[in-house]
Amino acid sequence: MAVLIAAAEPVAHLAPPRNRVEKPRPAWLSIPLRFLLPALIFAAWWIGSATGALSPQVLAGPPKVWSAFLELSRSGQLTDFALASFTRAAFGVGLGVTVGLVLGLIAGLSALGEELVDSTMQIVRAVPFLALVPLFIAWFGIDELYKVLLIAVATVAPMYAYTYLGVRNVDRKLVEAARGFGLRGARLVLEVILPSALPGVLMALRVCLSISITGLIAAEQVGTDEGVGYLVTLAQEYNRTDYMVLCVVLYAVLGLIFDGLVRIAERFAMPWRRQVAIR
């Protein structure tokens with residue numbers, strides 16, 4: 001009996017279980033936290049340029065970049081260049097995402113589709129799209145078609161891969177249950193399979209939009225008289241580091257716009273995802 005009591009003594013000193021329901025972080029704190037690190041980087045850049053630690057020939061300071069921004073804004077070139085780059089990226093991403101989504105569904109839904117599509121897409125994924133620039137120039141010239149197709153090729157492989165994996169990871173029991181309720185063909189794909197694969201598809205869209213910026217930079221280096229890439233070329237010719245930094249900022253803003261659009265789509269298409277994160 002003494003042995004049983006001694007063994008039971010530690011149980012009496014166990015701490016009560018901690019409440020697993022944590023208080024949510026205030027919503028007003030989210031925006032400052034998102035901009036904290038960029039604000040610190042910007043402050044270090046400003047201080048470095050103001051104290052002379054950063055040479056203007058190496059990296060122009062914020063005042064000079066702001067002056068370059070005002071100069072291009074007043075002339076109207078900034079709006080025209082940004083709009084031209086945005087249009088090229090939008091058309092290229094739209095084409096690449098559409099083709100990648102369709103091919104991913106074909107390969108993910110059937111064994112025959114996988115046999116016909118997957119090996120070719122793996123080849124496309126393995127070849128760096130920047131290596132295709134000389135061939136695309138020879139095939140399509142240096143007009144807008146070349147730029148749009150280059151961005152499309154850059155984005156088709158990620159969309160295909162994520163869509164294929166998303167479709168293959170759909171719960172088979174869910175598909176069988178939908179078939180039991182009479183769903184077949186296109187309705188089964190649109191109402192069951194594609195919504196279940198939506199997290200992978202939206203992640204693919206985010207990756208594609210990021211890669212499209214790289215494709216846009218490469219496409220606008222050749223045969224362009226309008227766009228942010230053309231502005232980069234002018235900045236290199238005249239050694240204008242303020243223009244160069246401004247172009248980097250414009251590409252970053254373009255990427256933030258794309259990411260914001262995907263976040264909005266996620267918020268409306270998958271509202272339950274906000275409750276999954278461990279705060």
Atom pair CG/CG of Leu101 and Leu205 - distance to nearest 0.5 Å: 10.0 Å
Minimum-distance pair of heavy atoms, taken over all atoms of Leu150 and Gly215: CD2-O, 4.1 Å
Exam field: side chain Tyr160 to backbone Gln122, donor-acceptor pair closer than 3.5 Å: no
Working for side-chain contact (heavy atoms from CB on, under 4.5 Å), residues Val232 and Met244: CA-CA 6 Å; Val232 172; Met244 294 180 189; 5.8 Å; no
Tyr251 vs Ile217 side-chain heavy atoms within contact, under 4.5 Å: yes
Verdict with reasoning, Phe129 to Ile151, per side-chain contact (heavy atoms from CB on, under 4.5 Å): CA-CA 9 Å; Phe129 70 92; Ile151 297 172; over 6 Å; no
Same cluster (ILVMFWY, side-chain, under 4.5 Å), Ile211 and Val248: no
Gln77 and Tyr230: side chain donor to acceptor below 3.5 Å: no
Ring pair (Phe, Tyr, Trp, His ring centres under 6.0 Å) against Phe140, all qualifying residues, sequence neighbours excluded: Phe136
Whether Trp46 side chain and Ile41 backbone form a donor-acceptor pair below 3.5 Å: no
Approximate separation, where rounding is to 0.5 Å, of Leu209 CG and Ile257 CD1: 11.5 Å
Modelled atom types, side-chain donor and acceptor of Glu114 and Tyr164, under 3.5 Å: yes
Nearest heavy-atom neighbours spanning Pro158 and Ala204: O-CB, 3.9 Å
Heavy-atom closest pair, residues Leu72 and Ser75: O-OG, 2.9 Å
Lys147 (side chain) donor-acceptor with Ile142 (main chain) under 3.5 angstrom: yes
Cluster link Tyr146 to Val148, ILVMFWY, side chain under 4.5 Å: no
Distance (rounded to the nearest 0.5 Å) between Ile106 CD1 and Asp118 CG: 12.5 Å
Trp45 and Phe42 aromatic ring geometry - parallel, tilted or perpendicular at 30°/60° bounds: perpendicular
Working for side-chain contact (heavy atoms from CB on, under 4.5 Å), residues Leu103 and Thr163: CA-CA 9 Å; Leu103 294 179; Thr163 303; over 6 Å; no
Considering all heavy atoms, the nearest Val153-Val156 contact: O-CG1, 3.4 Å
Test log, rule side-chain contact (heavy atoms from CB on, under 4.5 Å), inputs Val207 and Tyr162: CA-CA 10 Å; Val207 173; Tyr162 278 92; 4.1 Å; yes
Single-linkage hydrophobic cluster Leu112~Met121, side-chain heavy atoms < 4.5 angstrom: yes
Distance, nearest 0.5 Å, that separates CG of Leu78 from CG of Leu250: 5.5 Å
Backbone of Gly76 reached by a side-chain donor or acceptor of Thr79 within 3.5 Å: no
Ring pair (Phe, Tyr, Trp, His ring centres under 6.0 Å) partners for Phe69, two or more places apart: Trp66
Could you tabulate the donor-acceptor pairs under 3.5 Å formed by side-chain atoms of residues 81-97, not counting sequence neighbours?
{"residue": "Ser85", "atom": "OG", "partner": "Phe81", "partner atom": "O", "Å": "3.3"}
{"residue": "Ser85", "atom": "OG", "partner": "Glu220", "partner atom": "OE1", "Å": "3.3"}
{"residue": "Ser85", "atom": "OG", "partner": "Glu220", "partner atom": "OE2", "Å": "2.7"}
{"residue": "Ser85", "atom": "OG", "partner": "Val228", "partner atom": "N", "Å": "2.8"}
{"residue": "Thr87", "atom": "OG1", "partner": "Leu83", "partner atom": "O", "Å": "2.7"}
{"residue": "Arg88", "atom": "NE", "partner": "Glu144", "partner atom": "OE1", "Å": "2.9"}
{"residue": "Arg88", "atom": "NE", "partner": "Glu144", "partner atom": "OE2", "Å": "3.2"}
{"residue": "Arg88", "atom": "NH1", "partner": "Glu220", "partner atom": "OE2", "Å": "2.7"}
{"residue": "Arg88", "atom": "NH1", "partner": "Glu226", "partner atom": "O", "Å": "2.8"}
{"residue": "Arg88", "atom": "NH2", "partner": "Glu144", "partner atom": "OE2", "Å": "3.0"}
{"residue": "Arg88", "atom": "NH2", "partner": "Glu226", "partner atom": "O", "Å": "3.0"}

Distance in Å, Leu231 CG paired with Arg240 CZ, rounded so as to fall on 0.5 Å steps: 9.5 Å
Interatomic spacing from NZ in Lys64 to CG in Leu246 - rounded to 0.5 Å: 14.5 Å
